[in-house]
Amino acid sequence: MAKFRWSLIAALLVLAACGGGGDGDEGSAAAEGDEFNTPVTEDDAGDPVAGGSLTYGTYSESIGYDPTKRSTSYGNPAIYDSLMRFDDAGEVVPYMAESMESDDNVTWTLKLREGVNFHDGTPLDAEAVIFNVERHLDPALASGAFALVEPIESMEAVDDLTVAFTLKRPFAPFAASFAQSNGIGIIASPTAIELHGEDYNLNPVGAGPFTFVEWIPDDRLVLAKNEDYWQEGLPYLDELIYRPIPDTQTRQQAILNGDVDLTYMITATEIIQAQEQPQLTVLSARANGGEGIVLNDNIAPFDDPRMREAFVSILNLDVIADVRYSGQRDLAGAIGLISPDSPVYAPEVEDIWPAQDVERAVELIAEYEADGGDSSFTFVLPNTPDRRAFAEMAGQFFRDADWDVTTEFLDISEFVTGILQTGDFQAAIMSYPAFVGEYPQMWNAYHTTGLSNWAHFSDPDVDAALLEAVSATDPEVATAAWQEVQVLVAEKLPFATYGRPPSAIITQEWVHGVDKYADNTLFPATLWTSE
Amino acid sequence: MAEDQDLATQPAVEMDTVAPDVTTASEEHLPGGSPAGAVSTGVLQEDPTQPKARRKKLAIAYWCAIVWVVLVVGSAALAPFLPLPDPIESDFSAIAKPPSSSHIFGTDEVGRDLLSRSIFGARISLAVGLASVAIGLVVGGAFGLMAGYLRGRIEKVIMTATDSLLALPALILLLTIAAVLGQSLRNIILGLAVLTVPTFVRLTRASCLVISQREFVTASRSYGSGPIRVMLREILPNVFPPIAAYCFIIIGVVIVAEGSLSFLGLGVTPPTASWGGMIAGGRISLTHTPHIAMVPSAVMFVTVLAFNVIGERLRKRFDVRESSL
Amino acid sequence: MRNVARQVRHLLIVLFIVTVGTFLLLDFLPGDPAAALLGETAQPEQIEAVRDELGLDEPILTRYAKWIGGVVQGDFGRSFRTNQPVLDNLANRVPVSLELMFLAQVFALALAIPLGIYTAYRPGRPFDQITMTLGFGLIAVAPFILALLLILLFAGWLDLLPATGFVRWSDGPLGNLRSLILPTLTLGLSQVAIIYHQLLRSDTIATLQADHVLMAKSKGLPTWHILVRHALRPSSFSLVTLTGVNVGRLIGGSVIVEVIFGIPGIGQMLVQSIYNRDFIVLQGALLFTASAYVIVNMLVDLMYAFLDPRVQHG
Amino acid sequence: MKSPSSATPREGPLLEVEDFYVRFDTDRGRVHAVNGVSLSLDQGETLGIVGESGSGKTVLSRAVMGLVGDGGRNHVTGTVRFDGREISSLSPRDLRKYWGTEMAMVFQDPMTSLNPVKRVGAQFTEALRYHLDLSRREATERAVDLLRSVGIPEPQRAVGRYPHEFSGGMRQRVTIGIALACNPRLLFGDEPTTALDVTVQAQILDLLKVQQVERDMALILVTHDLAVVRGRSDRIAVMYAGKVVETAPTATLFAHTRMPYTEALINALPRLTGPTHVRLRAIPGRPPDMMNPPDGCPFSPRCPYAQERCLVEVPPLMPSEDPEHQFACWYPVGTPEWTEARDRNTHRGETAAGTQIVKEMV
């Protein structure tokens with residue numbers, strides 16, 4: 001087994017981002033675009049070369065390229081870019097926008113750059129931004145980014161390039177909302193939306209580095225170089241192709257034999273196997289997010305904190321590391337959704353979070369039963385292969401604790417609509433996919449009104465801390481509040497995290513200039529190929 | 001006439017009575033009275049069979065096959081009483097270990113003994129394979145016979161129903177059955193049976209169409225035999241052998257199909273072991289720990305092969321057409 | 001002409017049963033399309049809005065009538081999820097699925113017919129036993145394993161073929177064929193070839209016992225002539241039947257192969273539309289697979305009469 | 001393809017079979033189907049081979065022609081000479097050159113011996129084109145001629161028909177036509193009329209006769225029915241248990257029957273002359289088990305005249321005063337030994353084999 005290099009890579013990324021000449025490492029800040037502090041990983045391949053085509057293998061297919069669609073659309077950063085960006089330290093910085101500022105977190109001023117045009121030639125101006133935000137607000141479109149725009153009270157175009165937002169309440173992460181991977185910083189051409197109507201989803205027009213050529217679902221998305229890109233000299237590539245390769249093993253072979261030039265990988269096995277190949281580069285970082293079991297706070301037995309503690313106590317993290325993460329111990333055993341690499345991480349949660357202790361679990365269960373409770377429950381999972389593998393392992397945890405558990409598998413749609421949406425379950429497996437920043441994911445996961453608070457967890461202290469975190473003007477106060485949320489959650493345990501979702505971008509040796517978030521959202525303007 | 005029938009039962013004569021596609025049932029009705037036909041031995045096969053040494057080898061294969069099937073079926077039946085590790089119990093200190101002295105077949109990705117799982121898996125897989133093929137054969141065969149022999153309105157109805165079933169992609173049916181009725185062994189057998197029925201209907205009907213044109217069928221009908229008698233006594237014995245050959249293959253296919261269901265998340269619910277499910281589970285790590293998928297594949301391969309060796313032999317024994325080979 | 005009319009009527013009846021059947025069947029499926037579309041963070045009012053937008057609150061018969069009315073006018077509706085017109089989606093995928101199905105069938109038959117006839121001619125010989133053993137080996141190796149092994153061998157180890165991805169015919173016939181070699185091998189080998197082979201072998205053994213074969217032999221005709229010109233046709237009833245049946249299976253059922261090799265065919269469209277409860281897409285895809293299946297099997301029925309002139313039709 | 005033997009007829013018999021054995025290994029044991037048969041046949045001659053079902057006559061004719069090959073579980077020994085050339089040692093490939101062109105066979109059941117899925121014309125032309133290298137048109141013309149010569153009405157149309165569109169008799173005419181297509185010098189008729197109506201039988205037999213005479217062809221008529229060969233063969237060989245038990249020119253056989261089995265067969269014939277109310281005499285018992293043939297004379301268990309000697313000693317096929325007439329019997333019918341044997345059995349009420357004597361039998 002090759003030595004695992006997660007931390008090394010993370011360190012490398014940080015080094016590269018800081019722009020300081022690394023000791024021994026050839027990492028250096030990107031030549032282009034460093035005025036925005038764009039974290040581009042570099043190697044010693046020399047100066048970027050323009051031209052060529054790259055193929056990016058992704059693990060799933062999108063449902064389209066309308067920014068209001070609820071799906072991970074790998075092509076969106078290429079087609080649309082983003083008004084704001086996270087830099088590598090997790091700070092929000094302007095990107096396609098000139099600036100975004102607020103003094104009180106209630107009124108925000110967004111300034112746009114001069115001369116940024118959509119692919120159809122129309123300008124990306126204040127009206128365009130407002131048009132897009134309004135779409136997210138439209139209930140008929142049921143946008144996935146609704147939570148990001150919900151705080152908006154009103155907005156107006158001060159001039160062609162300035163938008164003033166007035167919020168209902170102080171809301172600190174508002175700028176970050178324009179930097180999120182699936183956030184509201186993705187601006188589509190209003191002209192095109194009006195022109196294509198229902199078909200816009202299939203004919204996206206943005207202002208990003210690549211223009212849409214064709215999309216054949218389950219086959220490929222073809223993009224071509226935007227000759228009128230707002231960043232001079234970019235993009236380098238003439239063509240960029242996205243190909244969904246849903247099968248893990250095939251995806252792995254596709255990168256091994258050069259069918260694709262870079263891939264997005266999501267299982268520990270394939271990432272480790274890629275690391276064994278000297279010709280491949282594995283780019284990874286520990287993003288926020290977590291895989292775990294939702295323990296329904298509304299329904300017995302997990303309405304009782306003792307039972308939640310018992311559940312966490314039976315999780316054998318070493319085994320989870322072996323079975324679920326191919327032996328990668330540092331992926332297993334996530335505590336809450338915030339990664340230790342995050343600037344707001346609260347290290348004290350490590351002492352609060354219950355350690356594996358089957359005896360303790362048995363005691364807690366006995367205690368609960370003695371009080372007249374029925375500790376048995378049904379554990380629901382979607383019937384996908386990786387979930388089945390998890391269930392096989394978890395079954396042994398339950399048996400070791402002598403816990404009477406029924407395991408039930410459901411069709412993925414039924415799982416989502418009949419379990420998560422209705423809240424009619426006791427324990428269900430679920431993942432919070434990788435994310436950068438804290439809002440809205442943390443809010444949604446833990447706030448009483450949170451959209452992804454499937455545990456129906458409701459705690460006034462947590463709600464208050466969340467509110468403080470999002471409204472504080474002082475970043476220190478906000479960080480402290482985020483940390484308090486983590487501590488409270490580690491005490492109350494609504495969501496029994498057992499690991500971080502693995503993900504990495506793997507590239508061939510001829511691929512350079514990878515610019516990505518920690519959650520592996522790829523911004524392809526700086527990509528270039530030495531072949 | 002009476003004498004001829006006596007002759008027909010004489011073993012020595014049998015080799016001489018080989019009107020090619022005419023079984024004993026039809027001989028009685030052959031016009032002309034005499035069952036005398038032609039020796040079909042080596043009609044075309046210049047060397048139709050094996051020299052002695054090879055035949056002996058075949059006999060060894062046959063007995064090996066029987067031993068294997070007895071072993072598999074026997075151990076599956078007696079599995080709970082055998083000194084085996086619990087097929088569900090994980091040994092987390094031995095995850096995905098290749099075969100060794102403590103685990104002869106190795107362990108799977110959650111540290112369960114593959115030998116034990118293969119034996120317990122045989123219970124499920126054999127049940128799935130045999131039951132769904134049996135249902136498919138009986139139901140499909142019956143409808144196919146009716147459609148091919150009775151023709152007319154009955155055929156139209158049966159074929160329309162069959163076509164509708166076949167035109168519906170298998171997965172839709174299985175997904176719906178799983179989602180509506182729940183994911184259980186019974187429903188998996190049911191689902192796979194529903195998939196095999198139309199194939200059997202079509203196959204039986206096709207053969208039946210041909211056989212129905214044969215003279216002995218007309219003859220039997222002219223003797224006043226009712227349709228049921230004709231179907232059972234005249235047509236069925238002729239239609240059966242090729243269909244039976246297909247059966248033995250399809251059992252293997254169905255056992256694997258259960259694995260494909262697992263691959264799509266519709267198979268037997270964990271932690272219950274089934275060969276197909278084990279193969280599907282082992283696929284994830286095929287490059288690193290191939291034994292997890294290969295052990296059940298090998299067990300299944302030998303079992304399917306053994307079934308076919310036995311099936312072939314039985315067919316030779318009971319099928320007049322091949323008895324002289 | 002009367003025959004054609006009757007066949008068309010049969011087709012329409014089957015299509016009617018299939019579409020009505022699935023409409024009803026899907027109604028039983030737990031998981032509301034609108035809710036499925038919006039995913040795990042959907043709010044009840046959003047779901048209601050989408051239900052309204054998609055017309056899901058109407059009675060099922062009304063929905064069916066609307067859908068079938070549209071189909072008759074050439075409007076197959078739009079996907080709930082992507083808004084893509086179903087017809088466009090089909091137009092992209094049908095050629096892919098048809099090509100794959102065709103290649104797999106041709107490959108399977110090209111392998112099974114010579115082998116089936118030859119092993120029937122020399123049953124029990126080592127060659128026969130080897131083919132049979134290999135064949136059952138292929139059955140025992142599940143298609144999803146076989147696909148992976150082929151990828152490892154041809155794409156990984158030998159590095160001759162792409163592991164995944166589909167190249168359109170219009171982007172180069174050579175690349176198109178190259179991209180379909182492994183899927184074709186998987187589909188053809190995993191089940192079809194061995195079943196065809198076994199079926200043909202068993203039927204041919206029976207045919208070779210027939211008097212007319214002896215008669216042909218007594219005419220002094222060469223063996224290959226007897227096998228191909230005399231034995232093959234009467235022996236191919238089951239084979240032709242199964243080939244027809246498999247058309248349906250291969251068009252709609254090659255999901256695993258499509259997913260593994262990243263081929264944008266009907267199979268993926270069917271499965272994903274079920275997973276997503278995107279019923280309009282599902283109905284459109286079913287309409288295609290069912291029509292293709294029924295039409296091919298009409299041809300199979302006509303083949304019977306060609307194979308054996310004694311089979312009358314009516 | 002060129003005929004393997006020269007066109008000019010040579011001296012000596014056309015077909016000679018010597019000491020011919022055919023045995024099959026089955027799962028139940030070895031079957032002795034033909035046990036040391038010798039025959040000979042001249043150009044233009046007709047030989048009738050007569051015997052019950054299971055007597056080995058069909059196997060004999062097929063094995064002589066080479067259709068039952070030696071090898072595997074089949075064991076064929078003995079010598080077959082055709083036109084002076086030994087063909088029993090030829091490879092299947094070389095033997096094939098004789099089939100159709102030198103020797104041909106008409107099978108019992110025209111329902112099954114024609115390929116049901118090929119047009120009649122094609123079944124003619126394939127052999128013509130293969131052996132005689134004719135063009136498609138020439139072959140079809142030839143087929144039409146042949147069909148006409150075997151008495152098929154509207155032969156032009158008939159070539160386009162399938163076998164099932166013909167009646168049984170017509171079909172047999174077609175198979176005869178096909179067998180004759182390449183002008184064979186020897187035709188085997190394997191119960192060619194058994195499957196046909198009595199009226200049609202005569203027509204078919206007449207047709208064979210006419211064709212035989214026209215082509216100066218030798219004919220071997222295999223049948224279980226003595227009546228079939230009575231008026232149509234020059235010589236008759238009676239087979240029992242894989243052996244020829246009596247052979248003689250037809251007239252001699254009927255006039256001076258020597259073998260009790262032949263006598264029994266003749267007695268089983270309906271008589272055209274004499275009292276019509278006489279019951280036909282069935283032959284009691286069953287043919288012997290070919291897997292375990294009895295010691296001694298194979299007919300002895302059923303023979304009303306069987307003596308002790310018959311049970312232990314196999315009678316050889318021996319010539320009588322007439323060298324053309326041979327039979328295998330220790331107590332030939334009509335001899336004093338026979339009279340003695342018959343009387344002894346009548347006296348003790350059973351044969352030496354223990355078979356009850358029914359009055360009618362003797």
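Letters go in sequence order (proteins before strands), and every chain restarts at 1. Source: prediction; values computed, not measured.
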Audit row: B/Ser116, B/Asp113, side chain to side chain donor-acceptor pair (under 3.5 Å) steps and yes/no: CA-CA 5 Å; B/Ser116 173; B/Asp113 183 68; 4.7 Å; no
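Within the 4.5 angstrom heavy-atom criterion, only side-chain atoms of B/Arg112, from C-beta onward, approach chain A. Within the 4.5 angstrom heavy-atom criterion, no atom of A/Asp318 approaches chain B.
Atom CZ of B/Phe143 has 12 or fewer neighbouring heavy atoms from other residues, nucleotides or ligands inside a 6.0 Å radius. Within a 6.0 Å radius of CG in B/Asp86, more than 12 heavy atoms belonging to other residues, nucleotides or ligands are found.
Screening residues 114-137 of chain B for ring-ring contact (aromatic ring centres under 6.0 Å, His included) gives no qualifying pairs among residues at least two apart or on separate chains. Applying the ring-ring contact (aromatic ring centres under 6.0 Å, His included) definition to pairs two or more places apart or across chains, those involving residues 261-281 of chain A are A/Tyr59-A/Tyr264, A/Tyr74-A/Tyr264.
Contact residues of residues 92-105 of chain B toward chain A are B/Phe92, B/Ile95 (heavy-atom distance under 4.5 Å).
Taking the six-membered ring for Trp, A/Trp454 and A/Tyr432 have ring centres closer than 6.0 Å.
Residues that satisfy the ring pair (Phe, Tyr, Trp, His ring centres under 6.0 Å) test with A/Tyr325, not counting sequence neighbours, are absent from this structure.
In terms of non-hydrogen atom pairs under 4.5 Å with chain A, the most contact-rich of B/Thr269, B/Asp108, B/Leu286, B/Ile88 is B/Ile88. Chain A forms the most heavy-atom pairs under 4.5 Å with one residue out of B/Gly267, B/Gly281, B/Gly277, and that residue is B/Gly267.
Across every non-hydrogen atom of A/Asp374 and A/Pro301, the tightest pair is O-CB, 3.7 Å.
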